[in-house]
Amino acid sequence: MDILPGNNEEYSQKKYWDDRYTSSDEPFDWFKSFKDISSIIEELIPDKSSRILMLGCGNSTLSEEMYDAGYQNIVNVDYSEVIINKMKARNALRERMSWKEMDVRALEFENDSFDVAIDKGTMDAMLAVKGDVWNPPPAVVDDCNKEVGEVMR
Ligand SMILES: C[S@@+](CC[C@H](N)C(=O)[O-])C[C@H]1O[C@@H](n2cnc3c(N)ncnc32)[C@H](O)[C@@H]1O
């Protein structure tokens with residue numbers, strides 16, 4: 001598979017991510033890596049025992065590098081079962097961190113389960129649809145509101 005989609009909209013489709021993760025085992029970090037943002041993370045999350053939810057973890061190394069830096073209470077979710085299985089295997093020795101196939105629009109956690117939620121590139125993927133990004137279609141607004149609503153509870 002060519003890792004780049006045929007069009008931008010594919011970033012908003014689960015099939016694109018499943019195919020991409022099936023065809024590649026290489027970790028990839030969107031936008032920034034842990035070393036770029038570690039000072040911000042340390043400033044915003046001073047307590048290393050914080051309960052952290054990683055929304056749409058993909059095959060980023062952010063969680064494992066945070067773990068190795070002392071943030072071990074991390075739950076990673078992604079709606080691609082393909083990448084969840086690969087990341088679970090890759091991080092098998094990082095026993096305090098968990099990996100769950102889950103949609104960020106319908107999180108299966110009790111209220112108040114986390115202290116911090118991190119979204120790096122996941123809402124961006126949901127926004128990758130045709131048209132004006134500043135005036136997205138109602139379904140996209142609804143998806144983003146659902147994610148925010150789930151994270152806030
Ligand atoms: C652009 S990648 C970002 C991956 C990673 N967070 C990073 O920073 O490199 C977007 C990720 O979000 C996941 N994703 C997109 N929509 C999702 C949804 N509704 N629920 C869960 N995961 C989703 C995709 O499977 C993909 O792994």
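Keep in mind that what you see is a predicted model, and the values were worked out from it rather than measured. When a ligand or atom number is given, it counts from 1 through the structure's own listing order.
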First-shell residues of ligand 1 [heavy atom, distance under 4.0 Å]: Trp17, Tyr21, Phe28, Asp29, Trp30, Gly56, Cys57, Gly58, Ser60, Asp78, Tyr79, Met102, Asp103, Val104, Arg105, Lys120, Gly121, Thr122, Met126
In this structure, would Met87 and Ile84 fall into the same cluster of hydrophobic residues linked by side-chain contacts under 4.5 Å? yes
Less than 4.0 Å between a side-chain N and a carboxylate O, is that true for Glu9 and Lys130? yes
Would you say the side-chain atoms of Tyr71 pair up with the backbone N or O of Ser63, donor to acceptor, closer than 3.5 Å? no
Can a donor-acceptor pair be found, under 3.5 Å and without considering hydrogens, that links the side chain of Asp78 to the backbone of Lys100? no
I'd like to know if Asp142 and Arg105 make a salt bridge, using a cut-off of under 4.0 Å between side-chain N and carboxylate O. no
Basic-acidic side-chain contact under 4.0 Å: Glu64, Arg90: yes
